[in-house]
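A quick write-up on the structure given underneath.
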Amino acid sequence: MKILLSWLKEFVPLPADVRRLAHDLTMLGLAVDAIATEDGETVLDLDITTNRSDCLSHYGVARELSALYGKPLAAFGNAGTRKSRARRKESPGKVVVKAVVKIAARDLCRRYAARLIHGVEVGASPAWLARRLELVGIRSVNNVADATNYVLMEYGHPLHAFDMDRLEGGKIIVRRAASGELLTTLDGVQRRLTTEDLVIADARRPVALAGVMGGKDTEISARTTNILLESAWFEPVSVRRTSKRQGLRSEASYRFERGADIDAAVLAANRCAKLIQDLAGDAKVDPQVIDVYPRKRTSKPIVLRRAELERHLGMEPPASAVKKILSRLGFSPSAKGQKGWSCTAPAYRLDVEREIDLIEEVARQYGYDKFPSRLPAMAGQAARKTPHASKQERVRRRVLELGYDETISSTLTNHAAETFGSATPVPIANPLSEEGCILRPSLIPGLLAALQWNLNRGRETVRLFEVGSIYCREADSYREPLMLALAGTGDRFEACLKQDGGRLAGKSFEILDLKGDLEQLIELFENSSYRIDSEHVPDYYRPDRSARLVMEGQAVGWFGELNSEVAARWKFRQPVYLGELSLDLLYTRNLHFPSAQAISRYPAVERDFSIVLPEGMRFESVREAIVSLGIPELVAVTPVEIFRGAPVPPGKYSLLLRLILQSQNSTLTEAELTGHSARVIDCLERKLGAQIRM
């Protein structure tokens, strides 16, 4: 929010040093982001937190500085008034136009004040007023609209002016909209309303969206002569929901959403009415103040204890200083013996509800720099690791050792991410934007976005991973499985120089590299066996270059190349490989810790087998069949070569298989090797229908 220094000085005396003022405001919690000079005016750009709606005006900021410096603060409505020209004395006269105000939705509008102004001459605003509004970021419209905006920036209370002659029946009814009711707002957009929208209506139709924006039918124009000036209090949540539902933000809604000062309604209306009278010709203000206030505001006292001050702040400021601070801020403290003070929060301090809020007020105004630095006493339980902390730490460490960099993406995503999840997505009830309307059903979109970001900035070799929960809906419940996702593209290792001065190109990262990385992660856990097949692989993988990891009958992961359609949508110009592991399933197993054994003193023996297998038969099936024989001397089963073509018949392929056998007790004899070979051949022929090539 922009604050003019000259405007601020109309409410409270300030130090001459602007830098000191900016520092003091920042220490109060009203951070000054920038100081600028425009047209000879000093403009402070303040970052006001959402809980401090009372500081969204010059008077609110002045109130804070008055308390800090101990300087007098001008009374509300009695400062900053400028008359555009001398006015002649006027007789009160008779007012011929009257208005009736009725609040039908008392839960959403707790107060509605109005002033009637007659004989208005609508025209341009004086230069000083238009200039001030322009410096704080508001466009000048006409003298009446500018007066409402001026008071808004001055005292922080939103107002709206209606053309009284265009209000049917001279009535103002604050009610909920009828379903499907239409209203054209000041921005020229026709809006379809719902029963959750609060409107200001006349006897026939809605004329404004309460707390958000006025209607086109009753806007102030050059023909306007009679005005009804609105100053109300609307329920913050209702205004926020309407503003979001209609996609409409305004200076008024920004303040009403955060909570307006209900006690300021009449004061702000009076100030604005007087300003319009000064600006709009021979305007006359009806002496009657319309103030519909069905249920007066009550405030419960808040007790501030000295012991709590010391406990939270590490020291107790002097009692006289505490009382002075609370009094200047409007909390009207009364002593409760030696124990503390009883305070009442003013209507403009909606953020102060508890004792801890008062402690914060004292700390801000007393000065954080006056408190000694010390650690709080340990009152809670020592932190404990989560049940799977050690397993997750080991997984993360291994992935980092494999050359991947960790990334963290948002759990909120859009409907485009549904492509990467198989379960029903979990929608957000009140999303801030369409880009974050559901909880992520997969880690893959976040990884692809990070991958794309790196590639677009000239990095051709990227390997990333993320550990996190995904979210899915199942019937009437929800699940948050913990997943690990990997993504890689480019080279397996960076290109480097050779000894002869040439350049050694890096080996391309491909699916077998990713498969090996995933196998290393699975082998961190105890398992009897795992296999790889191509069943039930998600659609975003290439069917011919993807696989599934299965452990003891359960699918624990998938890996493969991103299919061309998805890659084109993400504008990838090089192959991208992805892998996923269900950590929830892996964490049900214990970590595997390798154990050492003596190296055999006896030589290992290799035996090669050339076998013909049907197309589609995977090496994993061959390995499992051989391992199932339980040969104790079997050390390894590895594929050496694949051959297709004559003399191998169509629909089949030849696999050169190598077995390594080694005994811990003796050198293997030829008879033992022959026996093992015969068992292997018999098993392959019987179980897999393989043919042995000589």
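Treat the numbers as computed from the prediction; the structure is a model and nothing was measured. Heads up: numbering here begins at 1 and tracks the sequence.
- Ring-plane geometry between Trp570 and Phe572 is classed as parallel, the angle between the planes falling under 30 degrees on a 0 to 90 degree scale with a further cut at 60.
- When atom types are taken as modelled, the side chain of Arg394 and the backbone of Ala389 share no donor-acceptor pair closer than 3.5 angstrom.
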Next item on the list: Kindly indicate, with the supporting measurements, whether the criterion salt bridge (Lys or Arg N to Asp or Glu O under 4.0 Å) is fulfilled by Glu670 and Arg607.
Entry: CA-CA 11 Å; Glu670 190 62 35; Arg607 282 290 185 267; 3.4 Å; yes

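- Proximity of the aromatic rings of His592 and Phe525 is defined here by a centroid distance below 6.0 angstrom, and this criterion is not met.
- No more than 12 heavy atoms of other residues, nucleotides or ligands sit less than 6.0 Å from atom CD of Glu460.
- Considering OG1 of Thr411 and OH of Tyr471, their distance stands at 5.0 Å, rounded to 0.5 Å.
- Salt-bridge formation is not detected for the pair Arg589/Glu526: no Lys NZ or Arg NE/NH1/NH2 atom is positioned less than 4.0 Å from an Asp or Glu carboxylate oxygen.
- Both the sub-6.0 Å distance and the 45° axial angle are not jointly satisfied by Arg473 relative to the ring of Tyr478.
- Salt bridge absent: Arg398 and Asp517 never bring a charged side-chain N and a carboxylate O closer than 4.0 Å.
- Salt-bridge check for Glu257 with Lys244: failed, with every basic side-chain N at 4.0 Å or more from each acidic carboxylate O.
- Although no hydrogens or angles enter the test, the distance criterion places a donor-acceptor pair under 3.5 Å between the side chain of Thr26 and the main chain of Val32.
- The pair Arg548-Glu535 meets the salt-bridge criterion, since a charged nitrogen lies less than 4.0 angstrom from a carboxylate oxygen.
- The shortest non-hydrogen separation linking Thr588 to Leu585 is OG1-O, 2.6 Å.
- Between Arg311 and Glu355, no side-chain nitrogen of the basic residue sits less than 4.0 Å from a carboxylate oxygen of the acidic one, so the salt-bridge criterion is not met.
- No salt bridge links Glu615 with Lys652; every basic N to acidic carboxylate O contact stays at or beyond 4.0 Å.
- When side chains are defined from C-beta on, Tyr541 counts as touching Glu580, because their heavy atoms get closer than 4.5 Å.
- Partners of Tyr254 according to the side chain to side chain contact (heavy atoms under 4.5 Å, CB included) rule, which considers only residues two or more places apart in sequence or in another chain, are Leu56, Arg249, Arg258.
- Both tests do not hold together for Arg397 against Tyr404: distance to the six-membered ring centre under 6.0 Å, angle to the ring axis within 45°.
- Put simply, the side chain of Thr489 gets close to the backbone of Pro575: a donor and an acceptor are under 3.5 Å apart.
- Both tests hold for Lys370 against Tyr366: distance to the six-membered ring centre under 6.0 Å, angle to the ring axis within 45°.
- The minimum heavy-atom distance linking Leu657 with Leu684 is given by the pair CD2-CD1, 4.5 Å.
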Notebook entry, point to check: Checking salt bridge (Lys or Arg N to Asp or Glu O under 4.0 Å) for the pair Glu606/Arg658: CA distance, chi angles, key distance, verdict?
Noted result: CA-CA 7 Å; Glu606 296 179 354; Arg658 178 166 296 160; 3.8 Å; yes

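- With respect to the salt-bridge test (charged N to carboxylate O, under 4.0 angstrom), the residues Arg364 and Glu361 qualify.
- Electrostatic pairing of Glu406 and Arg396 counts as a salt bridge here, judged by a charged N lying under 4.0 Å from a carboxylate O.
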